[in-house]
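Note sheet for the following structure.
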Amino acid sequence: MKYDCMKEWIRNLIPPVFIWRNAYRKAKAVDIKLSSQNNNIYIFLAADYGNLGDIAITYAQNKLLRMYFPNYNIIEVPSKSSLSEIKGYCRNIKKTDILTIVGGGNMGDLYAPLENMRQLIMSLFPQNIIISFPQTADFSNTTKGRIYKISGKISYSSAKTVLLARDHRSYVFMHKTFKAQCYETPDIVLTLRKWYVHERINNILFCFREDAEKWIPDSFISQIKQDCERMSCNIEVLDTHIGDEYINMNNKNQKLNDFLLRISLAKILITDRLHGMIFAYITGTPAIVFPNSNKKIQECYKWIENCGFIYYLDNYKEMSFSEFLNKVITVHPDLNILENNYQRFMKIFDRAIIDGIKCV
């Protein structure tokens, strides 16, 4: 028993990239044949599950890559792919191909399975250009977090690696910690223009977390609901995670567009989800936003705080919330600000992607 415990303790101190490199070496590759003989761009960890925020990230990343690299064939490698399937895709990779890792908020030890795959792919292809799209870096101050950071230093060391950080805190961390080129950019979903011009129905949407990133207590949410009921508006509850069973690679973009249309019809969205806030922004829907547990909302809000219709509150206080609610209920987005922000964001990505690749 002591021997087994010692083995497990030692295993937990091994940088995960070595463990997964060994597992990859042993895996039997699935035979995956790609029809295109052209140069390819791969999107690894492409969302194929019920989180519409991640589906929007994959969609926006695919769209941006098509714009920058029109002569490349884009291949999405689903997040749920087995190690044998990933090995099958990897056997098709040529030195002239570009590899990308999907953006999001999963760089770190909180979402270890995704970090494992990111580090594996980046360590396998040092000869290829690899772009990790905008991420929030969140390595905990625990033994696990420190081991994953060491593993990241090993994996993100190629001169051809470009890391994009979607907030300043993550950028500072990446720049100090890893040898790769690092750029600070917005969340990739902010490059979508989905603002609608139509009449809004008299409802308020609630979109709150029920997972490890939840911060605002249920008692506060109940009080917020009572405040909203005083406005004589209908209250609807929804979530950006709609359930894995409803999503596949064929219907995911339609599910996303249906969800965005639903948000665009609301009078107000109240949320503590990052992509709840971003969906409100790209559809021009007024919103009140609360923090989650790891500060990624506060950081990403800085990119859009000039828009005039998204309001961020650090905490719930009845008087402050009522004041904001009365203000938000009457606000109208300025489409000129949205368009100017879009142009600003695209210039940032021009520098990060085009200039970043030229430097490798």
Side-chain angles (χ1 to χ4, degrees), residues 2-27 42 44-45 54 57 77 79 81-83 86-87 90 93 99-185 211-213 292-296 299 352 356 359-360:
K2 288 184 178 179
Y3 176 72
D4 290 340
C5 290
M6 181 64 71
K7 281 179 63 177
E8 183 66 21
W9 181 78
I10 293 172
R11 178 181 171 86
N12 289 337
L13 294 179
I14 298 173
V17 66
F18 294 139
I19 297 172
W20 284 95
R21 284 285 295 264
N22 186 51
Y24 177 87
R25 180 179 59 81
K26 294 178 179 179
Y42 291 80
F44 283 94
L45 299 178
D54 291 348
I57 288 171
V77 181
S79 177
S81 299
S82 67
L83 201 56
I86 289 174
K87 192 169 186 177
C90 288
I93 293 174
L99 312 186
T100 73
I101 313 290
V102 82
N106 50 55
M107 177 182 277
D109 56 295
L110 180 60
Y111 299 102
L114 295 173
E115 180 66 9
N116 290 334
M117 290 301 102
R118 179 185 298 104
Q119 292 190 8
L120 173 65
I121 296 302
M122 290 189 146
S123 70
L124 287 173
F125 297 98
Q127 75 277 16
N128 287 79
I129 293 171
I130 304 179
I131 307 171
S132 177
F133 269 69
Q135 276 284 343
T136 296
D138 187 24
F139 291 81
S140 66
N141 189 27
T142 63
T143 299
K144 181 182 178 183
R146 289 189 287 271
I147 293 299
Y148 266 91
K149 186 160 69 171
I150 292 170
S151 190
K153 288 181 179 180
I154 297 167
S155 306
Y156 308 145
S157 60
S158 169
K160 291 191 173 184
T161 295
V162 179
L163 300 179
L164 307 185
R166 67 180 181 183
D167 58 72
H168 186 67
R169 184 171 63 96
S170 295
Y171 168 75
V172 171
F173 172 83
M174 291 181 193
H175 185 69
K176 286 183 177 179
T177 308
F178 307 126
K179 292 182 179 179
Q181 294 184 73
C182 301
Y183 294 88
E184 186 175 349
T185 69
D211 58 17
E213 295 183 36
N292 70 331
S293 64
N294 61 12
K295 299 186 183 300
K296 66 184 181 184
E299 292 293 326
C359 292
V360 299

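All heavy atoms count here, side chains included; hydrogens, waters and symmetry mates do not. Residues take their numbers from the sequence shown, with the count starting at 1. As the structure is a prediction and not an experimental result, all values here were calculated from the model.
Using a 4.5 Å heavy-atom threshold, the side chains of Leu83 and Met117 count as touching. Looking only at side-chain heavy atoms (C-beta outward), Asp54 and Val102 stay at 4.5 Å or farther from each other. Considering only heavy atoms from C-beta on, Leu110 stays 4.5 Å or farther from Ser140 through its side chain. Side chains of Ile121 and Cys90 form a contact here, defined as non-hydrogen atoms less than 4.5 Å apart. Side-chain contact check for Tyr156 versus Cys182: every heavy-atom pair is 4.5 Å or farther apart. Residues Ile154 and Ser123 fail the side-chain proximity criterion, which asks for heavy atoms closer than 4.5 Å. The closest side-chain heavy-atom distance from Leu163 to Met122 is below 4.5 Å.
Closest approach of Leu164 and Ala352 over heavy atoms only: CD2-CB, 3.7 Å. Heavy atoms only, all atoms of each residue included: Ile147 and Pro15 are closest at CG2-CA, 4.0 Å. Closest approach of Phe139 and Gly145 over heavy atoms only: CD2-O, 3.8 Å. Across all non-hydrogen atoms, the minimal contact from Ser151 to Val17 is OG-N, 3.0 Å.
Sorted by first then second residue, the salt bridge (charged side-chain N to carboxylate O under 4.0 Å, His left out) pairs that include residues 120-133, not counting sequence neighbours, number zero. Listed by first then second residue, pairs satisfying side chain to side chain donor-acceptor pair (under 3.5 Å) with a partner in residues 125-139 read Asn106-Gln135, Thr136-Arg166, Thr136-Asp167, not counting sequence neighbours. Legend: salt bridge (charged side-chain N to carboxylate O under 4.0 Å, His left out) pairs involving residues 113-129, not counting sequence neighbours, sorted by first then second residue: Glu115-Arg118.
Atom OG1 in Thr100 sits 9.5 Å away from atom CG in Leu45 (nearest 0.5 Å). Put simply, CD on Gln119 and CE on Met107 are 8.5 Å apart, with the number rounded to the nearest 0.5 Å. Residue Ile86 holds its CD1 atom at 13.0 Å from OH of Tyr42, rounded to the nearest 0.5 Å. Leu124 CG to Trp20 CH2: the interatomic distance, rounded to the nearest 0.5 Å, is 12.5 Å.
For Phe133, there are no ring pair (Phe, Tyr, Trp, His ring centres under 6.0 Å) partners, not counting sequence neighbours. For the side-chain contact (heavy atoms from CB on, under 4.5 Å) test, residues two or more places apart in sequence or in another chain that qualify with Thr177 are Lys149, Lys153, Phe173. Residues satisfying the ring pair (Phe, Tyr, Trp, His ring centres under 6.0 Å) criterion with Tyr24, sequence neighbours excluded, are absent altogether. In this structure Tyr148 satisfies the ring pair (Phe, Tyr, Trp, His ring centres under 6.0 Å) test with no other residue, sequence neighbours excluded. Residues satisfying the side-chain contact (heavy atoms from CB on, under 4.5 Å) test with Asn141, not counting sequence neighbours, are Arg146. With sequence neighbours left out, the salt bridge (Lys or Arg N to Asp or Glu O under 4.0 Å) criterion links Glu184 to no other residue. The side-chain contact (heavy atoms from CB on, under 4.5 Å) check on Ser157 picks up nothing, with sequence neighbours excluded. In this view, His175 and Tyr171 satisfy the ring pair (Phe, Tyr, Trp, His ring centres under 6.0 Å) rule, not counting sequence neighbours. Listed by chain and number, the residues in a side-chain contact (heavy atoms from CB on, under 4.5 Å) with Ser158 are Pro126, Lys160, Thr161 (sequence neighbours excluded).
For Lys87 (side chain) and Ala27 (main-chain N/O), a donor-acceptor pair under 3.5 Å exists by modelled atom type. Within the 3.5 Å criterion, the main-chain N or O of Ala112 finds a donor-acceptor partner in the side chain of Asn116.
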